[in-house]
2 protein chains.
Amino acid sequence: MTGPAIRSWQAVQDEVRRRIARRVWKPGDYIPHEAELAREFGCARATVNRALRELAEEGLLDRRRKAGTRVALNPVRRARIDIQVIREEIEAKGAAFRHAVLVRELRAPPPDIRDRMGTGAGQAMLHLRTLYTADGAPYVHEDRWVNPEAVPAVLDETFSDISPNEWLVREVPFEGGDFTFSAMTSTPAEASVLSCAVGEGLFVLDRTTWSAGGVITSVRLVFHPGYRMQTEM
Amino acid sequence: MTGPAIRSWQAVQDEVRRRIARRVWKPGDYIPHEAELAREFGCARATVNRALRELAEEGLLDRRRKAGTRVALNPVRRARIDIQVIREEIEAKGAAFRHAVLVRELRAPPPDIRDRMGTGAGQAMLHLRTLYTADGAPYVHEDRWVNPEAVPAVLDETFSDISPNEWLVREVPFEGGDFTFSAMTSTPAEASVLSCAVGEGLFVLDRTTWSAGGVITSVRLVFHPGYRMQTEM
DNA sequence: CAGTGGTCTAGACCACCAG
DNA sequence: TGGTGGTCTAGACCACTGT
């Protein structure tokens, strides 16, 4: 232990980050093993472990049993994106939230939706198209398919008071999902719903969620022009 | 302890997830405190703590000292996006990677870039425009500004053998950054570089990174039409 | 096989904050 | 001010994997 003790896991993490940033430990280098760092810092190995484990999860370190810990060569940076309920996202900007259900029908989905949900060909789903507005301006257009086998109660809901987005988050527990971010060129139909020009670039989020009971819902959100999704690291 | 012991933190986490999914614990409910869960599961409190801490980080639980732990009402879902070096992203798809530097000049950046980087008006930066291709097809167009004060070595690099993206990741340690995902409509200039039609929706990633030494670089990546960024939860 | 990280434990003290 | 989560410790055993 050369300097003052570094006893909290955050202090350890900061110190390790600093050494990597200052090239004391260079990309590809092995760093001392946990027990040795614990001795140097004057703390328990568990403390070092927690600090290093999180750095490994961030992609800054590569850790392998027996081999040891090394500074990652090409660090994979992990951006975390918080996806909250649309109403809260809009209200957080200080705007007035409203939603309007444009389409509500029970029918068999097109093939691409069947693919994504992994459901049978003839199976009917609840199809909902909803426009969410911020201070009256179109914010996002939601095109959603809900599996009534996984969520029978959805058939009794009119979604006049609560949006499909919020109702599902509140009422239906889900265990997993996948997200795809992309861009699309606005079609005349999208342009009309979002009150924008045809041929504008629009930000798109596709999401499919499931639980133990099977696939719950598959949804495409098409955002208004200029929408940005931000995150920090 | 009613059933068999649940001794690993993952088993504890799974069990808690199950109880939330099955509505044993409903949104808004307080769940038993750590010590009680440890007794029920037959494990140490630290084990329960690790399981619950991660669930709280995911946004599934709300934890506060003294108040206790409750199931989140409107869970904020966190999608994690891995941002790797472009070369690796392309080679992971089994395609051949190449890059070509289109522009390399030292000059003062436009106001919007100055804003993002928080640098002075007259300060010159290295401006680089680079096209990355996969099997010869345009993949992403990178428009980058590098701060030579933070990275003096950048002025000696021609980027013929290694791309600006990879060089910076390898050579320059950075401590933080922010990301913005959005969509744009392809201008004639972008369309020409990316070999796509004018007016197509394109996926855009803006990133600014810094370290203790100050702002390092600000970059805009404009991806080819049809690009998707995926993640799972 | 042996060295390293991964995890668990029992206990302790501290920090925060709702009542 | 007491109850709860947040953290640290010293030690132990296990799991994986390079050699």
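No experiment lies behind these values; they were computed from the predicted model shown. Letters A, B, ... mirror the listed sequences (proteins, then strands); counts begin at 1.
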Student: What pairs with B:Arg65 under salt bridge (Lys or Arg N to Asp or Glu O under 4.0 Å), at least two apart in sequence or on another chain?
Tutor: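 None.
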Student: Out of curiosity, B:Thr119 OG1 to B:Asn147 CG, how far, rounded to the nearest 0.5 Å?
Tutor: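 The distance works out to 6.5 Å.
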Student: Measure the angle between the two terminal helix axes of the helix from C:dC1-D:dG18 to C:dA18-D:dT1, five base pairs each, and quote it to 10°.
Tutor: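 Inter-axis angle at the ends, rounded: 10°.
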Student: What is the separation between atom NE2 on B:His33 and atom C1' on C:dC16, rounded to the nearest whole Å?
Tutor: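 Between C1' of C:dC16 and NE2 of B:His33: 17 Å.
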Student: Does B:Arg98 have any side-chain contact (heavy atoms from CB on, under 4.5 Å) partners at least two apart in sequence or in another chain, and if so, which?
Tutor: B:Thr133
Student: I need the CZ-C1' distance between A:Arg45 and C:dG5, as an integer number of Å.
Tutor: 6 Å
Student: Looking at residues at least two apart in the chain, or sitting in another chain, which of them share a salt bridge (Lys or Arg N to Asp or Glu O under 4.0 Å) with A:Arg77?
Tutor: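 None.
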Student: With sequence neighbours excluded, what pairs up with A:Glu91 under the salt bridge (Lys or Arg N to Asp or Glu O under 4.0 Å) test?
Tutor: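 So A:Glu91 forms a salt bridge (Lys or Arg N to Asp or Glu O under 4.0 Å) with A:Arg87.
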Student: Holding to ring-ring contact (aromatic ring centres under 6.0 Å, His included), I want the full list of residues that pass it with A:Phe181, two or more places apart in sequence or in another chain.
Tutor: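 By the ring-ring contact (aromatic ring centres under 6.0 Å, His included) rule, A:Phe181 matches no residue at all.
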Student: Please state how far atom CD in A:Glu36 lies from atom P in C:dT4, giving the value in whole angstrom units.
Tutor: 9 Å
Student: Taking any atom under 4.0 angstrom from a heavy atom of chain B, which nucleotides of DNA chain D are the first and last to qualify, 5' to 3'?
Tutor: D:dG2 to D:dT7
Student: Applying side-chain contact (heavy atoms from CB on, under 4.5 Å), can you list everything that pairs with B:Asp82, at least two apart in sequence or on another chain?
Tutor: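 Scan of B:Asp82 (side-chain contact (heavy atoms from CB on, under 4.5 Å), adjacent residues dropped) gives A:Val76, A:Arg78.
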Student: Please list all pairs meeting ring pair (Phe, Tyr, Trp, His ring centres under 6.0 Å) that have one or both residues in residues 156-176 of chain B, counting only residues at least two apart or in different chains.
Tutor: B:Phe159-B:Trp167
Student: Name all residues meeting the side-chain contact (heavy atoms from CB on, under 4.5 Å) criterion together with B:Gln10; count only those two or more places apart in sequence or in a different chain, and write none if there are none.
Tutor: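 B:Gln10 satisfies side-chain contact (heavy atoms from CB on, under 4.5 Å) with B:Ser8 only.
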Student: In residues 60-69 of chain A, which ones come under 4.0 Å of DNA chain C, going by heavy atoms?
Tutor: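 Of all residues in residues 60-69 of chain A, the ones placing a heavy atom under 4.0 Å from DNA chain C are A:Arg63, A:Arg64, A:Arg65, A:Lys66, A:Gly68, A:Thr69.
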Student: Which residues pass the side-chain contact (heavy atoms from CB on, under 4.5 Å) test with A:Ala44, sequence neighbours left out?
Tutor: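 A:Ala44 satisfies side-chain contact (heavy atoms from CB on, under 4.5 Å) with A:Thr47 once adjacent residues are dropped.
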Student: Round to a whole Å and report the spacing from CH2 of B:Trp9 to C1' of C:dG5.
Tutor: 15 Å
